[in-house]
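Worksheet: one structure, shown below.
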Amino acid sequence: IDAIKGALSAEDESIRERINYRSELRPGDVGQLIQLHGWIYAQECGYNHIFEGYVCKTFYDMLIHYSPMKDRFWFVEVDGKMMGSIAVVGHTEKRAQMRWFVLDPAIRGMGIGSKLMNEALKYCREKGYTNIFLATTEDQKKAINMYLKAGFTKVEEYENHEWGKDLVEQIYELDLSEGQ
């Protein structure tokens, strides 16, 4: 067992050394993220092609209004391959949405998700956003635990029957004006 743990931690270190973080949005990034979302959510959750279409639409809606003054991505790449992301999309001067938080299973458990979430919340504070919201589904237990730990609270939920299975979508919000 110790040999397996050692091999796994050595593999993690090898991957960790090859990770590149960046925020610059480049042509092709969104296509890679759509593919990553489609693949992960099909494999892990049983979501269908309609979910991937939904992801495409959300990116399209953001891209036609994209402004680096109010919106920001954080990409995680390993050897040039897109392995994860998180984004903040400004909706108003004070309200933003956290979106497209996804990590390839090969890089989970290394603290990368926490790092991305912390960077996104730091950016929101720097930009003066006082209300952050996000949407998820109730089957995303690990992500929801991260959101709750960061101070988000569930404010709404509703049924979704479009992505190949019956789901409950949930909306979480974080009030950043508290304590400021």
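The model shown is predicted, which means the values in this text are computed figures rather than measured ones.
The distance from the OH atom of Y54 to the NE2 atom of H37 is 9.5 Å, given to the nearest 0.5 Å. Atom CE of M98 sits about 6.5 Å away from atom CD1 of I132, to the nearest 0.5 Å. Interatomic distance, S177 OG to Y129 OH, rounded to the nearest 0.5 Å: 15.5 Å. Remark: T130 OG1 to R125 CZ distance equals 11.5 Å, nearest 0.5 Å. Here the CG-CD distance, from N131 to E173, works out to 4.5 Å after rounding to the nearest 0.5 Å.
Contact of the L174 side chain with the L134 side chain is not registered, since no non-hydrogen atoms from C-beta on lie closer than 4.5 Å. Side chains of Y158 and I171 form a contact here, defined as non-hydrogen atoms less than 4.5 Å apart. Looking only at side-chain heavy atoms (C-beta outward), L63 and L25 come within less than 4.5 Å of each other. In this structure, E52 and I34 have side chains that are in contact, with non-hydrogen atoms separated by less than 4.5 Å. Two residues are said to be in side-chain contact when any heavy atoms from C-beta on lie closer than 4.5 Å; N118 and K122 fail this criterion. In this structure, M62 and R99 have side chains that are not in contact, with every pair of non-hydrogen atoms separated by 4.5 Å or more. Contact annotation: the side chain of W163 approaches that of T137 to within less than 4.5 Å [non-hydrogen atoms, C-beta and beyond]. In this structure, K149 and S114 have side chains that are not in contact, with every pair of non-hydrogen atoms separated by 4.5 Å or more.
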Criterion side-chain contact (heavy atoms from CB on, under 4.5 Å) on F152 and L121, from CA distance to verdict: CA-CA 11 Å; F152 283 85; L121 292 175; 4.3 Å; yes
Derivation and outcome, side-chain contact (heavy atoms from CB on, under 4.5 Å), residues Y41 and V55: CA-CA 11 Å; Y41 282 87; V55 173; over 6 Å; no
Steps toward side-chain hydrogen bond (donor to acceptor under 3.5 Å, both in side chains) verdict (D139, Y47): CA-CA 11 Å; D139 57 345; Y47 294 11; 3.0 Å; yes
Audit row: E169, E162, side-chain contact (heavy atoms from CB on, under 4.5 Å) steps and yes/no: CA-CA 11 Å; E169 283 194 76; E162 298 179 359; over 6 Å; no
Verdict with supporting geometry, K154 and L148, side-chain contact (heavy atoms from CB on, under 4.5 Å): CA-CA 9 Å; K154 183 171 56 172; L148 294 172; 5.9 Å; no
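In terms of modelled atom types and a separation under 3.5 Å, the side chain of S85 and the main chain of W100 share a donor-acceptor contact.
Side-chain N/O atoms of Y172 and Q170 include a donor and acceptor closer than 3.5 Å.
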In residues 69-78, what donor-acceptor pairs under 3.5 Å come from side-chain atoms, sequence neighbours left out?
from, atom 1, to, atom 2, distance (Å)
K70, NZ, G90, O, 3.3
D71, OD1, G90, N, 2.8
D71, OD2, S67, N, 2.9
R72, NE, S23, OG, 3.2
R72, NH2, S23, OG, 3.1
E77, OE1, N20, ND2, 3.1
E77, OE1, R22, NE, 3.3
E77, OE2, R22, NE, 3.1
E77, OE2, R22, NH2, 2.8

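In this structure, K81 places its NZ atom where only 12 or fewer heavy-atom neighbours from other residues, nucleotides or ligands lie under 6.0 Å away.
Looking at residues two or more places apart in sequence or on another chain, you find no ring-ring contact (aromatic ring centres under 6.0 Å, His included) involving Y21. Scanning for side-chain hydrogen bond (donor to acceptor under 3.5 Å, both in side chains) contacts around K142 gives an empty result, with sequence neighbours left out.
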